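To start, the structure itself, in structure tokens.
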Amino acid sequence: MRMSTRRTFSDRLARLWRRAAREDGFTALAAIATLAVTSALATAAFVAADSDTHLTQHDLEQKRAYLAARAGVNEFLHHLNHQTNYWDQCPTKAKTTVPGSTDPTLKYSYQPVPANGESACDTGRPIDTMIDFGTGTFRMRFSGYSGTPEVSRNIVASFRRNSPLDYLWYTVYETLDPNTQSDPVARAQECAKWHRQGRPDECNIDWITGDVMNGSMYTQDQYSVCGSPVFGRDPTDQIASLASTPFFTGCSPSNANIKGTPTKAPYIPLPTYNTQLRDDAAAGAGTIYSGPTVVQLNGPTAKVTNNGVTGAPIDLNLQPIIYVENGPGGCSSTYSPYNVDYTSALSGDCGDVYVTGNYSQGVTIAAANDVVIGDPAGGVRGDITTNLNGPAMLALVANNFVRVMHGCSNDQDDLAYTTKNPVIDAAILALNHSFIVDNYNCGDPSHTGALTINGAIAQNFRGTVGTHSGPTVASGYIKNYTYDDRLHSQEPPYLFDIQDASWHIQRETLCDPNSSDPTVGCTG
């Protein structure tokens, strides 16, 4: 009996072990768990793929919206360059389908971005509300749209005119102005043409040893080289000409130090008249005087003497234009740079303005006739200076000549009217004639020295500042000219208003509405 019981117990225990070893239940549980995990992974992968699909589509629509905004920029610029004052209409365009697109959701719109702290563009005051006084630019916001639901992108673009003042030096003709000669009509027939058109050599004005041009240069003509003048600061400066060959030999030796890059230039016109500045002054942006006028710049103000009367100082922040027009008798006298006498400088009715001093506020001084740098009373240095690292910029704009006062008679310098090594910090425009030195052919160059210009010079005919014997200066001034790089992005007050050139995009910003930087967020 004991053995039977013992065997039965052993048999039962063996059966239990065998049942456990078969793993029937554990295998099912493992399979269920694996299926659950696989399903979860598949679901996650599907959700992720679906999300990526939406993100990819959204990204694609953003790119398409950006391209639609760019289409708006191009359409606007095309319109602007066919109607250069289109900006003063506060142009606005509602959503418009991109031309040529087969996708009706692809659209653009644009609107002006007001300037100078104004809340909106006003067609009654387009300059004040549209043009930034510090840069001479205006801004537009372009929006592009694509897709359903709609996705949008925004661009803010700044527009600026192509300008002669993009260069340190600008001339239409590299010749002496025919109007300074005894027979202007005959002289114009000979010399008022480009060198490549076959003018006589006697018309040319040479660049000589000692002339230093620290900046880009532009001429519709070609440069006559005598000796070793310096053209440009480095390869980023353009030495531009409308001719395929910018230089020709004026005398031997002719070995210019060309630090800039010679280049074929685009056509950029010189403005013809400055009367729009008078209109701006009359509208409240400045002060108008009649007949010969003396301006003494003094920091943020200007002391003006007209008809022997000196008025209260002008606050240049409030009235940044000084315009001198011809008097009631008009201006019939013609200018000759030879034997200039300043004793009667303030008589007559010609709209001439004489300027000296230091300025700390931007100002544009314009004359219906000539701008003369110097003091007609004599004895005061003929400098016009500023802090070139500050914001103040000056424009001297003459319908005829911009002149540097230099007294001389009997081949002797009159030191009361002559400044040795004068400095002029300004953008200079002689719209129909030249930037020139009075009596440039007279005197001893040791009394005059170097004429330093920090700014830019634009003129129709090239004016003469001295004479030379071979490559060496013989009278008048040697040149030391440096471009004011601020002119790449800024302008003196209201100067944009006399220019007729086409516009270009100066800066383009893709807006990020999440940025705290207003230049990137495109606010304002």
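This one's a predicted model, so the numbers in the text were calculated from it and none came from an experiment.
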Exercise for the section: Examine distances only and state if a side-chain atom of D315 and a backbone atom of N317 form a donor-acceptor pair shorter than 3.5 Å. Expected result: yes
Problem - Donor-acceptor contact below 3.5 Å, side chain D411 vs main chain G443 - result: yes
Problem - Heavy-atom check, side chain of H504 versus side chain of N162, under 4.5 Å - result: yes
Problem - Pair R278-E325, salt bridge (Lys or Arg N to Asp or Glu O under 4.0 Å): steps then yes or no - result: CA-CA 8 Å; R278 185 199 181 283; E325 62 184 359; 2.7 Å; yes
Exercise for the section: Test W207 against E174 for side-chain hydrogen bond (donor to acceptor under 3.5 Å, both in side chains), laying out the working first. Expected result: CA-CA 10 Å; W207 293 91; E174 284 280 305; 3.0 Å; yes
Handout entry: Ion pair D183/R187, N-O distance below 4.0 Å
Key = no
Practice task
May I ask you to test the M140-M130 pair for a side-chain heavy-atom distance under 4.5 Å?
Solution key: yes
Problem - Any side-chain heavy-atom pair of W87 and P126 under 4.5 Å - result: yes
Exercise for the section: Return yes if a side-chain donor-acceptor contact under 3.5 Å exists between N204 and S224, otherwise no. Expected result: no
Exercise for the section: Just jot down the salt bridge (Lys or Arg N to Asp or Glu O under 4.0 Å) partners of D280, sequence neighbours excluded, or say none. Expected result: none
Problem - Shortest non-hydrogen contact from S360 toward P300 - result: OG-N, 3.1 Å
Problem - Nearest-0.5 Å distance, CD of residue Q490 to OG1 of residue T137 - result: 10.0 Å
Practice task
For A456 and L165, work out which heavy atoms get closest and say how close.
Solution key: CB-CD2, 3.7 Å
Give every donor-acceptor pair under 3.5 Å between a side-chain atom in residues 239-249 and any protein atom, sequence neighbours left out.
{"unit_1": "S241", "atom_1": "OG", "unit_2": "D221", "atom_2": "O", "d": "2.6"}
{"unit_1": "S241", "atom_1": "OG", "unit_2": "A243", "atom_2": "N", "d": "2.9"}

Handout entry: Any donor-acceptor pair under 3.5 Å from N410 side chain to Q412 backbone
Key = no
Which pairs would a plain distance check flag for residues 392-403, meaning a side-chain donor or acceptor within less than 3.5 Å of a matching protein atom at least two apart in sequence or in another chain?
{"unit_1": "N399", "atom_1": "OD1", "unit_2": "N274", "atom_2": "N", "d": "2.9"}
{"unit_1": "N399", "atom_1": "ND2", "unit_2": "N274", "atom_2": "OD1", "d": "3.2"}
{"unit_1": "N399", "atom_1": "ND2", "unit_2": "A368", "atom_2": "O", "d": "3.4"}
{"unit_1": "N400", "atom_1": "ND2", "unit_2": "N369", "atom_2": "OD1", "d": "2.7"}
{"unit_1": "R403", "atom_1": "NE", "unit_2": "D438", "atom_2": "OD1", "d": "3.0"}
{"unit_1": "R403", "atom_1": "NH1", "unit_2": "D370", "atom_2": "OD2", "d": "3.3"}
{"unit_1": "R403", "atom_1": "NH2", "unit_2": "D438", "atom_2": "OD2", "d": "3.2"}

Handout entry: Side-chain heavy atoms of D88 within contact of T123, under 4.5 Å
Key = no
Practice task
May I have all residue pairs that pass disulfide (SG to SG under 2.5 Å) and include part of residues 351-403, sequence neighbours excluded?
Solution key: none
Exercise for the section: Please check if the side chain of N432 supplies one atom and the backbone of T272 the other of a donor-acceptor pair under 3.5 Å. Expected result: yes
Handout entry: side-chain hydrogen bond (donor to acceptor under 3.5 Å, both in side chains) pairs, two or more places apart, involving residues 385-395
Key = N358-T385
Exercise for the section: Determine whether the side chains of Q220 and T171 contain a donor N or O and an acceptor N or O closer than 3.5 Å. Expected result: no
Practice task
Could you tell me whether the side chain of T364 and the main chain of P493 form a donor-acceptor pair under 3.5 Å?
Solution key: yes
Practice task
Using atom types as modelled and distance alone, determine if a side-chain donor or acceptor of D234 lies under 3.5 Å from a backbone N or O of K259.
Solution key: no
Problem - Partners meeting salt bridge (Lys or Arg N to Asp or Glu O under 4.0 Å) with D166 (sequence neighbours left out) - result: R160
Exercise for the section: Would you sort out whether I453 and F435 count as a side-chain contact (heavy atoms from CB on, under 4.5 Å), showing the intermediate values? Expected result: CA-CA 12 Å; I453 305 291; F435 171 68; 4.0 Å; yes
Practice task
Determine whether the side chains of H406 and N439 contain a donor N or O and an acceptor N or O closer than 3.5 Å.
Solution key: no
Exercise for the section: Tell me, with the steps shown, if R161 and E491 meet salt bridge (Lys or Arg N to Asp or Glu O under 4.0 Å). Expected result: CA-CA 11 Å; R161 287 189 190 272; E491 285 188 351; over 6 Å; no
Handout entry: Under 3.5 Å donor-acceptor, D444 side chain and S446 backbone
Key = yes
Exercise for the section: Determine yes or no for a side-chain-to-main-chain donor-acceptor pair under 3.5 angstrom, with D497 supplying the side chain and Y494 the backbone. Expected result: no
Exercise for the section: Identify the two heavy atoms, one from L316 and one from G299, that lie closest to each other, and give their separation to 0.1 Å. Expected result: CD1-O, 4.2 Å
Handout entry: Test item: side-chain donor near acceptor, N454 and D425, under 3.5 Å
Key = yes
Practice task
Consider only side-chain N and O atoms of Y440 and Y477, and report whether a donor and an acceptor are under 3.5 Å apart.
Solution key: no
Practice task
Using a 4.5 Å cut-off on heavy atoms from C-beta on, say whether the side chain of L176 contacts that of R462.
Solution key: no
Practice task
Please name the residue in the list F159, F76, Y110 that meets the ring pair (Phe, Tyr, Trp, His ring centres under 6.0 Å) test with Y86.
Solution key: F76
Practice task
Would you mind listing every disulfide (SG to SG under 2.5 Å) that reaches into residues 420-471, with sequence neighbours excluded?
Solution key: C408-C442
Practice task
Using distance alone, with no hydrogens and no angle criterion, decide if T467 and S475 have a side-chain donor and acceptor under 3.5 Å apart.
Solution key: yes
Practice task
Without swapping roles, check the side chain of T452 against the backbone of V423 for a donor-acceptor pair under 3.5 Å.
Solution key: no
Fill in the blank from the handout: Across all chains, not counting sequence neighbours, the side-chain hydrogen bond (donor to acceptor under 3.5 Å, both in side chains) partners of T310 are T305
Problem - Min side-chain heavy-atom separation N441-Y338 under 4.5 Å - result: yes
Fill in the blank from the handout: The salt bridge (Lys or Arg N to Asp or Glu O under 4.0 Å) partners of D279 (sequence neighbours excluded) come to none
Exercise for the section: State, yes or no, whether a side-chain contact exists between I208 and P229 at a heavy-atom distance under 4.5 Å. Expected result: no
Exercise for the section: Could you name each residue pair satisfying disulfide (SG to SG under 2.5 Å) that touches residues 260-361, not counting sequence neighbours? Expected result: C331-C350
Problem - Parallel, tilted or perpendicular, as decided by the 30° and 60° cut-offs, for the rings of Y481 and W169 - result: parallel
Problem - Nearest heavy atoms of N421 and G449, plus distance in Å - result: OD1-CA, 3.3 Å
Exercise for the section: Quick one: closest heavy-atom pair of N81 and W503, and the distance? Expected result: OD1-N, 2.7 Å
Exercise for the section: Applying side chain to side chain contact (heavy atoms under 4.5 Å, CB included) between I365 and each of I321, T293, L277, L297, report the one that passes. Expected result: L297
Handout entry: Non-neighbouring partners of F461 that pass ring-ring contact (aromatic ring centres under 6.0 Å, His included), sequence neighbours left out
Key = Y173
Practice task
Taking the side chain as every heavy atom from C-beta outward, state whether V353 and Y323 have any atom pair closer than 4.5 Å.
Solution key: no
Handout entry: Residues in salt bridge (Lys or Arg N to Asp or Glu O under 4.0 Å) contact with D206, at least two apart in sequence or another chain
Key = none
Completion exercise
Residues P337 and T180: closest non-hydrogen pair is CD-CB, 3.6 Å
